[in-house]
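First the proteins, then the strands, lettered A, B, ... as listed; each starts at 1. Note: hydrogens, waters and symmetry copies are ignored here, and every other heavy atom, side chains too, is used.
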2 protein chains.
Amino acid sequence: MELQLVNERRRGPYAAKRLSEFAERCRKGGLAVTPQRLAIIKVLLDSGDHPRADAIFAAVRLQHPHISLATVHRTLETLCDIGEARKVTLLHDVARYDGNVEPHHHVLCVRCKRVHDIEIPEVDKLLEGTPSLGEFSLLRCSLEIAALCKRCQLAEKRRRAQRHTT
Amino acid sequence: MELQLVNERRRGPYAAKRLSEFAERCRKGGLAVTPQRLAIIKVLLDSGDHPRADAIFAAVRLQHPHISLATVHRTLETLCDIGEARKVTLLHDVARYDGNVEPHHHVLCVRCKRVHDIEIPEVDKLLEGTPSLGEFSLLRCSLEIAALCKRCQLAEKRRRAQRHTT
DNA sequence: ACCTAGGTGATAATTATTACCATCTAGTTA
DNA sequence: TAACTAGATGGTAATAATTATCACCTAGGT
Ligand SMILES: [Mn+2]
Ligand SMILES: [Mn+2]
Ligand SMILES: [Zn+2]
Ligand SMILES: [Zn+2]
């Protein structure tokens with residue numbers, strides 16, 4: 001099993017490429033290309049540390065002193081919607097607890113946030129023989145599968161049909 | 001690759017066993033066995049839905065009308081500390097965003113919450129050929145590795161040494 | 001039957017996020 | 001190019017989860 005920290009050097013070219021395609025991708029997603037959105041995606045692409053909205057706000061303000069924190073929050077969610085960013089904390093809004101402390105994994109509906117347990121024995125063995133990685137000593141691991149439940153799939157379909165008629 | 005939803009029938013016996021050992025495990029962890037803690041772990045072991053603190057609060061109140069919501073929050077964190085519960089949302093306190101939208105995984109320090117990217121090509125292929133599981137249509141997946149970074153390991157050591165002298 | 005470290009309840013404080021709305025502007029149209 | 005408008009933004013209020021505080025209580029030990 002090959003577990004390795006991502007090479008930081010690759011980020012430069014990756015960010016440049018993503019940035020050059022950003023305007024086009026916004027249009028494809030039906031979004032206006034605003035200076036605020038450009039500034040936010042730039043900062044995000046330059047960050048390797050999975051930043052919070054307030055950190056991005058601080059960085060963006062150096063160039064755009066008038067930007068609003070609300071815009072940063074909104075924009076980050078919008079970028080995730082069109083696939084230009086990824087929310088690391090899919091379930092961040094409320095703490096969720098589990099009585100099952102055996103190693104296991106989760107499928108979660110990205111819309112209604114329901115979570116179900118799943119078993120993937122292969123993944124449980126993933127850390128065996130790898131006590132540490134770089135500066136991290138590894139404790140345990142869990143796979144998070146993003147999904148759409150039946151109910152939310154139907155709701156999604158209905159909403160699209162609705163939009164199509166108007 | 002065997003991906004399967006966890007069998008719900010197993011929860012009954014599992015919960016009974018965990019509950020019967022709970023008092024002893026509290027003592028081992030240096031915790032008092034209070035009626036509140038018992039009520040909370042009971043509710044948690046009976047839940048298959050990864051509940052939030054407020055849901056547990058509501059359920060516990062049916063038997064303990066005087067319990068406080070603060071106690072529920074505190075107790076759930078305490079239970080996680082001694083390994084009697086698991087927090088599904090390790091990074092729930094603030095939303096974190098990622099500019100890297102390529103499939104990749106994360107190591108995170110459970111104390112300082114720093115997050116680093118890692119690559120595990122095998123895991124990226126996990127969902128291939130499995131478009132759905134039960135009522136969930138699968139979108140993507142990401143492995144979360146809980147860890148302790150070097151800095152926090154040292155801090156932990158120092159704290160233990162401190163406690164030992166007093 | 002005490003004692004006391006630690007636990008609890010009630011409530012205030014904090015903090016991230018969302019809602020709201022007046023104003024502005026990107027991108028389209030004539 | 002000028003006018004138009006759907007959608008974006010800024011400023012601020014509202015919301016909601018969690019944590020802090022502190023007087024009182026009690027589990028577990030003597
Ligand atoms: Mn679970
Ligand atoms: Mn990442
Ligand atoms: Zn759903
Ligand atoms: Zn750390």
Side-chain angles (χ1 to χ4, degrees), chain A residues 22-41 43 50-58 60-82 84-85 87-97 111 113 163 166, chain B residues 22-41 43 50-58 60-82 84-85 87-97 111 113 163 166:
Chain A
F22 181 71
E24 190 188 0
R25 293 193 185 204
C26 277
R27 278 181 222 116
K28 202 173 68 185
L31 299 182
V33 182
T34 65
Q36 291 90 339
R37 283 180 179 153
L38 276 166
I40 289 168
I41 190 76
V43 167
H50 309 83
R52 312 158 38 142
D54 61 350
I56 293 173
F57 178 57
V60 168
R61 269 227 286 201
L62 300 176
Q63 307 298 326
H64 292 253
H66 292 306
I67 201 169
S68 157
L69 176 58
T71 299
V72 174
H73 276 287
R74 271 185 308 232
T75 301
L76 288 168
E77 287 302 312
T78 306
L79 294 179
C80 291
D81 288 345
I82 63 166
E84 289 297 291
K87 193 171 195 169
V88 178
T89 51
L90 284 182
L91 286 173
H92 96 280
D93 48 326
V94 261
R96 306 274 297 261
Y97 298 89
R111 271 190 89 247
K113 307 295 170 70
R163 204 187 304 162
T166 45
Chain B
F22 182 70
E24 189 188 1
R25 292 193 185 203
C26 277
R27 280 181 221 115
K28 202 173 69 186
L31 298 182
V33 182
T34 66
Q36 290 90 340
R37 284 179 179 155
L38 275 167
I40 290 167
I41 190 77
V43 167
H50 309 84
R52 313 158 38 141
D54 61 348
I56 293 173
F57 178 57
V60 168
R61 268 227 287 202
L62 300 176
Q63 307 297 326
H64 293 252
H66 292 306
I67 200 170
S68 159
L69 176 57
T71 298
V72 173
H73 277 287
R74 273 186 305 233
T75 301
L76 288 168
E77 287 302 312
T78 306
L79 293 178
C80 290
D81 287 345
I82 63 166
E84 289 297 293
K87 194 170 194 170
V88 177
T89 51
L90 284 182
L91 286 175
H92 96 281
D93 48 327
V94 262
R96 306 276 296 263
Y97 298 89
R111 271 189 88 247
K113 309 294 171 69
R163 203 187 302 161
T166 45

Colleague: Take atom CG of L76(B) and atom C1' of dG7(C), then tell me their distance rounded to the nearest Å.
Modeller: 15 Å
Colleague: Between the side chain of R96(A) and the main-chain N/O of H50(B), is any donor-acceptor distance below 3.5 Å?
Modeller: yes
Colleague: Reading nucleotides 10-21 of chain D from the 5' end, what letters show protein touch, with B for base, S for backbone sugar-phosphate only, - for no heavy atom under 4.0 Å?
Modeller: BBB----SSBBB
Colleague: Quick one: I40(A) CD1 to dA8(D) P, roughly how many Å, whole number?
Modeller: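 Interatomic distance, CD1 of I40(A) to P of dA8(D): 13 Å.
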Colleague: Could you give the CZ-to-P distance, from F57(A) to dT17(C), as a whole number of Å?
Modeller: 13 Å
Colleague: Count the heavy atoms of every other residue, nucleotide or ligand shown that sit under 6.0 Å from CD of E77(B), and state whether that count exceeds 12.
Modeller: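 Yes - once you tally the heavy atoms of other residues, nucleotides and ligands closer than 6.0 Å, there are more than 12.
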Colleague: Going through the checks in order, is the side chain to side chain contact (heavy atoms under 4.5 Å, CB included) test met by H92(B) and L91(A)?
Modeller: CA-CA 6 Å; H92(B) 96 281; L91(A) 286 173; over 6 Å; no
Colleague: Please determine if a side-chain N or O atom of T34(A) lies less than 4.0 Å away from the OP1 or OP2 oxygen of dT9(D).
Modeller: yes
Colleague: What's the spacing between Q36(B) CD and H66(B) NE2 if we round to 0.5 Å?
Modeller: 11.0 Å
Colleague: Kindly determine whether L79(B) and F22(B) satisfy side chain to side chain contact (heavy atoms under 4.5 Å, CB included), including the steps that lead there.
Modeller: CA-CA 10 Å; L79(B) 293 178; F22(B) 182 70; 3.7 Å; yes
Colleague: Measuring from atom CD of E84(A) to atom CD1 of I41(A), what distance do you get when rounded to the nearest 0.5 angstrom?
Modeller: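 Result: 5.5 Å between the selected atoms.
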Colleague: Write down the distance between CG (L79(B)) and P (dT8(C)), rounded to a whole number of angstrom.
Modeller: 10 Å
Colleague: Supply the atom-to-atom distance I56(B) CD1 to R61(B) CZ, rounded to the nearest 0.5 angstrom.
Modeller: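 Result: 14.0 Å between the selected atoms.
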Colleague: Let me know the distance between CZ of R61(B) and P of dG9(C), rounded to the nearest Å.
Modeller: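 Checked: the CZ to P distance equals 11 Å.
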Colleague: Using the closest heavy atom to pick a nucleotide of DNA chain D for each, name whichever of T75(A) or P35(B) lands nearer the 5' end.
Modeller: T75(A)
Colleague: Over how many whole Å does the gap from L31(B) atom CG to dG6(C) atom P extend?
Modeller: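 About 11 Å, once rounded to whole Å.
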Colleague: Rounded to whole angstrom units, what separation is found between the CZ atom of R37(B) and the C1' atom of dT26(D)?
Modeller: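 Taking atom C1' of dT26(D) as the reference, CZ of R37(B) is at 12 Å.
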Colleague: Over the length of the helix from dA1(C)-dT30(D) to dA30(C)-dT1(D), how much do the five-pair end axes diverge, rounded to 10 degrees?
Modeller: 30°
Colleague: I need the T78(A) OG1 to I40(A) CD1 distance, nearest 0.5 Å.
Modeller: 9.0 Å
Colleague: Between L38(A) and V33(A), is any pair of side-chain heavy atoms under 4.5 Å apart?
Modeller: yes
Colleague: Can you tell me how far P of dA8(D) sits from CD1 of I82(A), to the nearest Å?
Modeller: 10 Å
